[in-house]
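Each remark here refers to the structure printed beneath this line.
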Amino acid sequence: MIWLLIHLHRRVIWIWLALAAVMAAIVTALWLDTVSTQAAVVACMTRVTSSSNPSLAACSPAGGDALVWFTTVNHRIQWALIAVPLLMGVFMAAPLMGRELENRTHRLVWTQGITPMQWFASNLASILMFCFALTAVLLVAAGLWLSLASRITNDWAQFDLYPPVFLSYVAFAVSLGLAVATVVGRTVPAMAVTGLIWIAIRGATGILARPMLIPALVRRDMSAATAGRDWFLAPTYLDSSGHQMSEAQIDGLLQRWGGSGADPITLLQQHGIFMAGLYQPASRFWVFQSIETFIFVMLSVGCILVSIAWVRLRLTSE
Amino acid sequence: MVTRLNSQASESSDISIRTVGLSKNYGTTQALVDCDLEVPTGRFMALVGPNGAGKSTLLLMLIGLLKPTTGHILIAGLEPRQHRREVLNAVGFVAQDRPLYQALTVRETLEMGSKLNDTWDGEGMIARMEKLSIGLDTQVRRLSGGQQAQVSLSLALGKRPALLILDEPMASLDPLARHHFLAEVVAAADERRLTVIMSSHIIAELGRVCNYVAILERGHLVACGSIGEVIESLGARNLADYDPLGHGMTDLEQVVLWHLSRST
């Protein structure tokens, strides 16, 4: 079965190998360029970022330009790498299964001494192994870049590129693509649905759920909350007894006390209400990695179970 | 010349296929109802009936690709879904539309057969392709419909099956390709002493080669047996009415027309 899959998809395999190689080469080249030609600026920015009172003025005039350049490149690399699992699900996994069902070639294989479960397991194992191998190549290059980025920016900013979560995103994208294609049975609709579901779930977990995986801590010193290796989430207000206050409560109080024309911050401080920062400490970084990896592994398992159930209960029993 | 006389049929009493009370429902639609079928070993059976009669449903259940709603199936004494591997080894199947991997060459397609099956007649299938002047290094997508049908047949025959099941294999083929295909099936069946089940709308051609018939109508098996037995059960005088113009219809054509006209 592996022989068949390689022969059937050799062109796609070569295209993906080439894409991964090019991508890894570009990231490595950017890392080499940054390390070799801008070593002094990087060293300065590293010192500045890790200080308790960061100020890029210390690295000026080159520091400002270098930071802008670094930030731009960093964002592009991140977005390119974050898109990889999505592309694998949409352009590799969904068509792999969708074309088989669309062209009814699954029935050809199922009558050639291969049972439906063997067929599905071979497809799943082959594409997962191939995607993990490609991801490993990309993660080696990403690791070089991360080693640099983590010195200049916060680790949390590169959260999505660390191997545990990144591999779980790949597993989810691939198993989602297979599951959707198995259920839909058509290539193009399966690709579209896979893309939409993946973006929705990744967006929901990365933007909405991640900050709340563990209740955030509160720090009275706002400047400390936004500096260092912690993940600053949002400003908040604390009353005199240290309890958090909602924005609605603050607005209500300001309206009640307003009218005197006083500065709102001063007004709040006069009544014992202070601004603080909600944050996730750096010590929780790997806990968050573990939680999010677990979530995506479970989602992947769910997709695989849906596929198996569909093959067993619908494709062979309908 | 594609001919197969009824008298040449094996008189073996071994039963290759037996179904008992076989039914299949798709939701509230009954695709096959209480089907009791026996096909003796060595027979060439035509499975005929109008569109939607349940022919493909029956064939897919015989090879274990569909689960019956009720009833039992035995292929050479084995239940297809419980002994999937053994049954797959014993059955060559050509599905409706003859699906093939279009990107593979003929040689790769045959190699696929050798990789996916426990037994494989590699040399025989390559020789077969050469005899039919089908280029081994030609991509399947570049073959004509008739050639693709022959490649599909090779995949079914290469595993050295005892039973060959063909689901509308000649649909969309031109008359010459149909003739060649049927000739190859008959030659293989004779040479390898195969039991063959072929569903088809092209009754005229089937009528010259089959010696056993099953007629399905709206999910019901309305007749099953050797052509002679079915004719006998109908009464010869009835059949003559169904070739009033003297077109030289085969017995199978007359039997099928008799049944179909009775139901309309």
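Naming: A, B, ... by sequence-line order, numbering from 1 per chain.
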So for [X], is it side chain, backbone, both, or neither that comes closer than 4.5 Å to the heavy atoms of chain A?
X: B/L60; result: side chain
X: B/E111; result: both
X: B/N117; result: both

Taking the six-membered ring of A/F288 as reference, does the NZ or CZ atom of A/R210 fall below 6.0 Å from its centre and within a 45° cone about the axis? no
Report which part of A/R99 has an atom under 4.5 Å of a heavy atom belonging to chain B: side chain, backbone, both, or neither. neither
Using non-hydrogen atoms and a 4.5 Å limit, figure out which bit of A/I114 sits close to chain B: side chain, backbone, both or neither.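 When you check distances to chain B, atoms from both the backbone and side chain of A/I114 fall under 4.5 Å.
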Flag, side chain of B/T19 to backbone of B/L22, donor-acceptor distance under 3.5 Å: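 No, because the side chain of B/T19 does not come within donor-acceptor range (under 3.5 Å) of the backbone of B/L22.
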Under a 3.5 Å distance rule, please check whether B/K159 uses its side chain to pair with a backbone N or O of A/T111 as donor and acceptor. yes
Are any of the side-chain nitrogens in B/R43 or B/D14 under 4.0 Å away from the carboxylate oxygens of its partner? no
Could you tell me whether B/K131 and B/E184 have a side-chain N and a carboxylate O separated by less than 4.0 Å? yes
